[in-house]
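Here the structure is laid out as structure tokens; the discussion comes afterwards.
Sequential numbering from 1 along the given sequence is applied to the chain's residues. This one's a predicted model, so the numbers in the text were calculated from it and none came from an experiment.
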Amino acid sequence: MRASSGFTLIELMITVAIVAILAAVAVPAYNDYIRRGYAADAVSVLGTTRVRMEQYYQDNRNYGATEPTCGLAMPTNARVTYSCVLGSNLQSYSITATGSQGTMIGNVYSIDQTGAQRTTQYKGATVSKNCWLIRGSEC
């Protein structure tokens, strides 16, 4: 008799199970990696926009000509929506970056004229942190 060659059904099922376990661990880790990259970009844009707002203030002695729009056009991005709200007497503002697509949905970051950084939503959960959460639940 000749010995048969090939894999048994059990061996194939074990291989499929191992690949599924590895994928179950790898996909969430990859999504977090992508989210961290986009979040770092969003907060970088917030910091740059704050500098531009201060330059506008130096030229005009206010942060915008009329409420509720700020003196600058807000940056545009496919994954993040930026908005600005002026405070009383055009002497204060708050710029907010809200995730609008992909892994950034559920992240909301903001900065104001004093440079105070806040995270109000992270990975879809409501938080109240006085920093920008990018990598975990603590600053």
**Prompt:** Do you reckon Val45 sits in the same ILVMFWY cluster as Ile105, going by side-chain contacts under 4.5 Å, direct or chained?
**Reply:** no
**Message:** Under a 3.5 Å distance rule, please check whether Ser44 uses its side chain to pair with a backbone N or O of Ala40 as donor and acceptor.
**Reply:** no
**Asked** To the nearest 0.5 Å, what is the distance between CZ (Arg118) and OG (Ser94)?
**Response** 6.5 Å
**Message:** Using 0.5 Å steps for rounding, measure from the CE atom of Met74 to the OG1 atom of Thr49.
**Reply:** 6.0 Å
**Complete:** For Ile14, the hydrophobic cluster (side chain heavy atoms closer than 4.5 Å, chained through members) also holds Ile10, Ile18, Leu22
**Request:** Is it possible for you to say whether Val80 and Ile134 belong to one hydrophobic cluster, with membership spreading through side-chain heavy-atom contacts below 4.5 Å?
**Result:** yes
**Asked** Can you get from Met104 to Val43 by hopping between Ile, Leu, Val, Met, Phe, Trp and Tyr side chains that sit under 4.5 Å apart?
**Response** yes
**Message:** Pair Leu133, Val127 - check side chain to side chain contact (heavy atoms under 4.5 Å, CB included), show working.
**Reply:** CA-CA 10 Å; Leu133 295 177; Val127 296; 4.2 Å; yes
**Asked** From Ser100 OG over to Asn107 CG, what is the distance, rounded to the nearest 0.5 angstrom?
**Response** 11.0 Å
**Request:** Specify the closest pair of heavy atoms between Ala116 and Asp112, including all atoms of both residues, with the distance to one decimal.
**Result:** N-OD1, 3.1 Å
**Complete:** Residue pairs passing the ring-ring contact (aromatic ring centres under 6.0 Å, His included) test with at least one member in residues 10-60, sequence neighbours excluded, are Tyr57-Tyr63
**Reported CD-to-CZ distance for the pair Gln101 and Arg79, which is rounded to 0.5 angstrom** = 5.5 Å
**Message:** Quick check on the hydrophobic clustering: are Val108 and Ile95 connected, directly or via other members, by side-chain heavy-atom contacts under 4.5 Å?
**Reply:** no
**Prompt:** With sequence neighbours left out, what residues match Glu138 under salt bridge (charged side-chain N to carboxylate O under 4.0 Å, His left out)?
**Reply:** Lys129
**Message:** When you compare the side chain of Tyr109 with that of Thr96, does any pair of heavy atoms fall below 4.5 Å?
**Reply:** no
**Asked** What are the two closest heavy atoms between Trp132 and Thr119, and how far apart are they?
**Response** CA-OG1, 3.2 Å
**Request:** Spell out, as yes or no, whether a donor-acceptor pair under 3.5 Å connects the side chain of Glu11 to the backbone of Thr8.
**Result:** yes
**Asked** Between atom CZ of Arg61 and atom CG of Asp59, what is the distance when rounded to the nearest 0.5 Å?
**Response** 8.5 Å
**Message:** In this structure, would Tyr93 and Leu46 fall into the same cluster of hydrophobic residues linked by side-chain contacts under 4.5 Å?
**Reply:** yes
**Spacing of Cys84 atom SG and Arg50 atom CZ [to the nearest 0.5 Å]** = 12.5 Å
**Message:** Do Gln91 and Asn62 have side chains that approach each other closer than 4.5 Å (heavy atoms only, starting at C-beta)?
**Reply:** yes
**Request:** Determine whether more than 12 heavy atoms belonging to other residues, nucleotides or ligands lie under 6.0 Å from atom CZ of Arg135.
**Result:** no
